[in-house]
Amino acid sequence: MPNLGVPELLIIACVLVLLFGAKKLPEMARGVGKSLRIFKAETTKLREEDDEYSATQAAQPAPAQSQPQPAQPLAAAPSPEEQARQLEEQAAKLRAQASANKNA
């Protein structure tokens with residue numbers, strides 16, 4: 001892929017302004033920022049859970065005989081809209097907790 005210089009970036013910026021309008025670009029940037037914050041919080045949370053899980057697994061001795069687990073049907077994966085709604089609810093809870101901690 002060729003390197004993008006200043007003239008190319010200016011052309012791209014002009015095209016974006018023409019396509020979306022100057023008023024929509026800040027709203028889109030805010031939306032992307034919120035999405036990235038939620039994504040970062042969720043990945044951090046997953047890493048912490050993985051660390052806790054591996055720590056508990058290391059502390060527990062391995063069973064002498066492993067019993068086969070009965071097969072459980074897989075639950076249907078939630079739709080992207082449902083996942084987005086859940087993430088927004090979690091973000092709202094985190095914001096409420098942060099503001100409560102700030103005020104305390």
Side-chain angles (χ1 to χ4, degrees):
M1 185 171 163
N3 292 333
L4 293 177
V6 175
E8 291 85 4
L9 292 176
L10 287 174
I11 292 171
I12 292 170
C14 289
V15 169
L16 287 175
V17 169
L18 290 174
L19 285 176
F20 298 108
K23 291 184 179 182
K24 289 286 184 181
L25 288 177
E27 293 173 16
M28 290 172 54
R30 272 188 231 107
V32 169
K34 286 180 183 179
S35 299
L36 289 175
R37 281 192 295 274
I38 292 170
F39 180 74
K40 183 178 178 182
E42 290 299 317
T43 55
T44 303
K45 185 176 167 185
L46 285 174
R47 286 187 188 140
E48 290 172 356
E49 288 175 358
D50 286 345
D51 292 343
E52 290 172 7
Y53 178 76
S54 62
T56 57
Q57 291 299 320
Q60 294 177 352
Q65 293 179 343
S66 62
Q67 298 175 351
Q69 297 291 329
Q72 296 178 357
L74 295 174
S79 68
E81 291 84 11
E82 180 67 21
Q83 290 175 346
R85 186 188 61 76
Q86 291 173 352
L87 289 174
E88 288 173 0
E89 288 175 0
Q90 290 175 354
K93 289 177 187 177
L94 289 173
R95 275 190 236 111
Q97 288 175 351
S99 64
N101 291 339
K102 243 184 192 179
N103 294 335

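The residues of the chain are indexed from 1 along the displayed sequence.
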*Spacing of OG1 belonging to T43 relative to CD1 belonging to I38, to within rounding of 0.5 Å*: 12.0 Å
_Could you work out, with side chain to side chain contact (heavy atoms under 4.5 Å, CB included) as the rule, every residue matching K45, not counting sequence neighbours?_
E42, E49, Q90
*In the single-linkage hydrophobic clustering (I, L, V, M, F, W, Y; side-chain heavy atoms under 4.5 Å), do L25 and V32 co-cluster?*
no
*How many angstroms lie between atom CD1 of I11 and atom CG of L16, to the nearest 0.5 angstrom?*
12.0 Å
*Nearest 0.5 Å, what's the CD-CG distance between E48 and D50?*
10.5 Å
*Spell out, as yes or no, whether a donor-acceptor pair under 3.5 Å connects the side chain of Q86 to the backbone of Q83.*
no
_Hydrophobic clusters here meaning ILVMFWY residues chained together by side-chain heavy-atom distances under 4.5 Å, can you tell me if L19 and I12 are in one?_
yes
*Quick one: hydrophobic cluster around L10, which other residues, with the 4.5 Å side-chain cut-off, linked directly or via members?*
V6
*Is F39 linked to L87 within one hydrophobic cluster, defined over Ile, Leu, Val, Met, Phe, Trp and Tyr using a side-chain heavy-atom separation of less than 4.5 Å?*
no
*Could you tell me which residues satisfy salt bridge (charged side-chain N to carboxylate O under 4.0 Å, His left out) with R85, sequence neighbours excluded, listed by chain and number?*
E82, E89
_Run the side chain to side chain contact (heavy atoms under 4.5 Å, CB included) test against R47 and tell me which residues pass, sequence neighbours left out._
none
_Could you work out, with side chain to side chain contact (heavy atoms under 4.5 Å, CB included) as the rule, every residue matching E27, not counting sequence neighbours?_
K24, R30
*Distance from K40 atom NZ to S35 atom OG, nearest 0.5 Å?*
14.5 Å
*Mind checking side chain to side chain contact (heavy atoms under 4.5 Å, CB included) for A41 and listing every partner two or more places apart, or none if nothing turns up?*
L94
